[in-house]
Structures are given as C-alpha cells and as structure tokens.
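Here is the naming used below: chain letters follow the sequence lines, and residue numbers restart at 1 for every chain.
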Protein chains: 2
Amino acid sequence: MSIIDRPVRGSDSGRPIMALLDLLGRRWTLRVIWELRGGALSFRALQAACSGMSPSVLNQRLAELREAQIVEAGGDGYALSARGRELLELFGPLQRWSEDWARALRDG
Amino acid sequence: MSIIDRPVRGSDSGRPIMALLDLLGRRWTLRVIWELRGGALSFRALQAACSGMSPSVLNQRLAELREAQIVEAGGDGYALSARGRELLELFGPLQRWSEDWARALRDG
DNA sequence: CGTATTGCTTCTGAATTAGTAGCGCAACAT
DNA sequence: ATGTTGCGCTACTAATTCAGAAGCAATACG
C-alpha cells in the first residue's frame, strides 16, 4: 500500500494532488526539499541546514519523502531523486515571488 | 511588525523564501489556497471543501493568509488576492506533476 | 416572534512537533 | 586494543498544534 493510496490526512483521497498537498503541508517538508536543492546532504548537515530541526522529525520526513520517491539515500547522504528535482523546479519561481511579496508587505 | 519580519519558525529569518516555506508548511495552508482556485468561497464552504477541517484552524489559517495578503475577505466570502492568484499559478504545474507521480508510485 | 444560516469562539482531548540525550556502528588514531 | 570522532538514528518527555464538537452573536427571512 503506497503513500498515495492510503487515506490521506484531510483529503477525500484518491486524487493525487490532495495526497501531494497533504505530504507537502507537513512541517519542514518543503524546507527539506528546498535545502537539498544544491545536492546531497548528510543527515546531520540537513539537520543543521534546517537550523536544528529535531532529528526525530527529520527522520520521519525523510522516511515519508523516500517512500514518495522524492528523496533518495545514497552513499553521500540524502539527495533529491530525478522526480524530486522536477518537483523542486516547479517551486523555483517561488523564490522570486517571495521577494516581491516581502517587498510588498514591507512597503505596506 | 509584519509576518515576514518576525522570527519565523524553523527559519534563520530575514530571507523571504524561508518565511514563505514556513507559512505554506502549516497544515491546510496549501490546501486552502488550492480550494480557492475557482473563486471566492464562504467560510463554511471552504471548511466543507477541506473535508470538514476544524473551524478554529481554518480561522487561524485565514488570518495568516490575510495578513500575508494572499487571501482577502470580501462580501462574497474569502478569495485569493491578485498576489495570491500569482502564487497559485506557480503551483499550477503541481497537478500534472502529481498525476505522473501517482502513476509512478502505483506502477512500481 | 421562530427558524435558519453565517462567521467565528471556546473548550477538551488527541496528534504532532520540539528538544535533549544517547545508542550502535564505522573510520581513524594512539 | 583502546580511545576518539563523527555518523545515522532512536527513545523519551515536554510543548505546541490540531481535531472535533458545541455553541454564541449577528443577520436575514418568514
């Protein structure tokens, strides 16, 4: 039974986008993907990059992301899979958007 | 003091992308934005769209998203702001991606 | 008046996350 | 062989967050 088949928190289930939004809507998940943008990181490096996130939660997130085949573990630590990199690319424009957003919020 | 200035959970702060990832990485936030893709929804309609999400949490998310000027309240309920719609567009390709992803997870 | 709907608050218990300590393992040095 | 170091990860408790139900105040309608 894969991660997208089982009833997903807050989702009427079945629809992949719901499973995805549920997966990504867990604390640190987006951040972990983001921190892997530059390549593989070890468990502890990843933990440090996420400013000291709890190892228990990190481990849990990594398990979820690995099951979802977005992240994979290799000899050099954890890295985005090919699919994970695709996903990250979709988030790429977020950075530019967030800068405009921040400017607008500051200016009023 | 705006939402992007104050120290943000799990972020070394200051960088807008971190504030954004933190904001979006709260339960239901992505989902709420997603459910508003088709236009304004009333509080209770939004709650129903999110399959019965707690009104307390919905209210909290709406407050956060309104402060972030991603969502705005009008006579016809809650809707994405112009900026919010921009953000949603960035997530658009997610749907297609999620379908490929679901297929891949099912097939192996 | 009575009823209905809406936005939202309040409350309690459940689930999730935070934070710290430390285990078992491997590589390397003494 | 005996530290020492760093690694991935687990175990545990405390704090925070969320779920779920009930219901209030406001508005609208008959």
Side-chain angles (χ1 to χ4, degrees), chain A residues 3 6-13 18-36 39-68 70-81, chain B residues 3 6-13 18-36 39-68 70-81:
Chain A
I3 193 175
R6 60 168 163 260
V8 163
R9 187 184 55 194
S11 143
D12 26 41
S13 189
M18 296 303 175
L20 180 63
L21 291 179
D22 178 64
L23 180 64
L24 299 180
R26 289 174 190 163
R27 200 167 293 175
W28 293 111
T29 304
L30 286 169
R31 177 71 178 273
V32 165
I33 294 172
W34 179 258
E35 294 296 349
L36 289 176
L41 286 177
S42 72
F43 187 96
R44 279 174 137 104
L46 197 46
Q47 189 186 356
C50 294
S51 17
M53 146 187 209
S54 301
S56 40
V57 179
L58 175 54
N59 192 43
Q60 200 174 328
R61 292 294 168 269
L62 285 173
E64 290 159 6
L65 288 170
R66 281 204 285 174
E67 189 184 356
I70 290 169
V71 161
E72 54 196 12
D76 49 352
Y78 293 95
L80 293 174
S81 66
Chain B
I3 193 175
R6 60 169 164 259
V8 163
R9 186 186 54 194
S11 142
D12 26 43
S13 189
M18 295 304 174
L20 180 63
L21 292 179
D22 178 66
L23 179 66
L24 299 180
R26 290 175 188 160
R27 198 170 292 174
W28 294 110
T29 305
L30 287 169
R31 176 70 177 271
V32 165
I33 294 174
W34 179 258
E35 294 296 349
L36 289 175
L41 287 178
S42 72
F43 187 95
R44 278 173 135 104
L46 197 46
Q47 190 187 355
C50 294
S51 20
M53 146 186 210
S54 301
S56 41
V57 179
L58 175 55
N59 192 43
Q60 200 175 330
R61 292 293 169 271
L62 285 172
E64 290 160 6
L65 287 171
R66 281 203 285 174
E67 189 185 356
I70 290 169
V71 161
E72 55 197 12
D76 49 353
Y78 294 93
L80 293 174
S81 67

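- The nucleotide whose nearest atom lies closest to any side-chain atom of Pro55(A) is, among dA21(C), dG7(C), dC8(C), dA21(C).
- Residue Leu24(B) comes nearest to Ile33(B) through the heavy atom pair CD2-CD1, 3.9 Å, listed as atom of the first residue, atom of the second, then distance.
- Scanning both residues, Ala49(B) and Glu35(B), for their nearest heavy atoms gives O-OE2, 3.6 Å.
- Residue Arg44(B) has its side chain nearest to dG7(C) when only dC8(C), dG7(C), dC18(D) are considered.
- Each of dG7(C), dC7(D), dC18(D) was ranked by its minimum atom distance to the side chain of Trp28(B); first place goes to dC18(D).
- Distance CZ (Arg31(A)) to P (dT17(C)): 16 Å, rounded to an integer number of Å.
- Counting to the nearest Å, the C1' atom of dC8(C) and the CG atom of Leu62(B) are 11 Å from each other.
- Closest to the side chain of Ser42(A), from the set dC7(D), dA19(D), dG7(C), is dC7(D).
- Atom CG of Leu46(A) and atom P of dC7(D) are 13 Å apart (whole Å).
- Heavy-atom nearest nucleotides on DNA chain D were determined for Met53(B) and for Asn59(A), and the one closer to the 5' end corresponds to Asn59(A).
- For the pair Gln47(A) and Val57(B), nearest-nucleotide mapping onto DNA chain D gives the more 5' position to Gln47(A).
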Ignoring hydrogens and angles, write down the donor-acceptor pairs under 3.5 Å from the side chains of residues 39-48 of chain B, residues two or more places apart or on other chains.
residue, atom, partner, partner atom, Å
Ser42(B), OG, Ala45(B), N, 3.1
Gln47(B), NE2, Met53(B), O, 3.1

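- When the P atom of dT6(C) is taken as reference, atom CG of Leu58(B) falls 14 Å away, rounded to whole Å.
- Distance from the side chain of Ser54(A) is smallest for dG19(C) among the nucleotides dG7(C), dT16(C), dG19(C).
- For the pair Gln60(A) CD and dA11(D) C1', the computed distance is 14 Å after rounding to whole Å.
- With dT17(C), dC8(C), dC9(D) as the choices, the nucleotide that has an atom nearest any side-chain atom of Phe43(A) turns out to be dC9(D).
- Nucleotides of DNA chain C nearest to Ser56(B) and Leu41(B) differ in position, and the one nearer the 5' end is that of Leu41(B).
- Applying the salt bridge (Lys or Arg N to Asp or Glu O under 4.0 Å) rule to pairs touching residues 47-63 of chain A yields Arg61(A)-Glu64(A), sequence neighbours excluded.
- Here the P atom of nucleotide dA15(D) and the CZ atom of Arg27(A) are 16 Å apart, to the nearest Å.
- Contact annotation: Arg61(A) reaches the phosphate of dT17(C) (side-chain N/O to OP1 or OP2, under 4.0 Å).
- Taking all atoms of both residues into account, the shortest heavy-atom contact from Gly25(B) to Leu30(A) is N-CD1, 4.1 Å.
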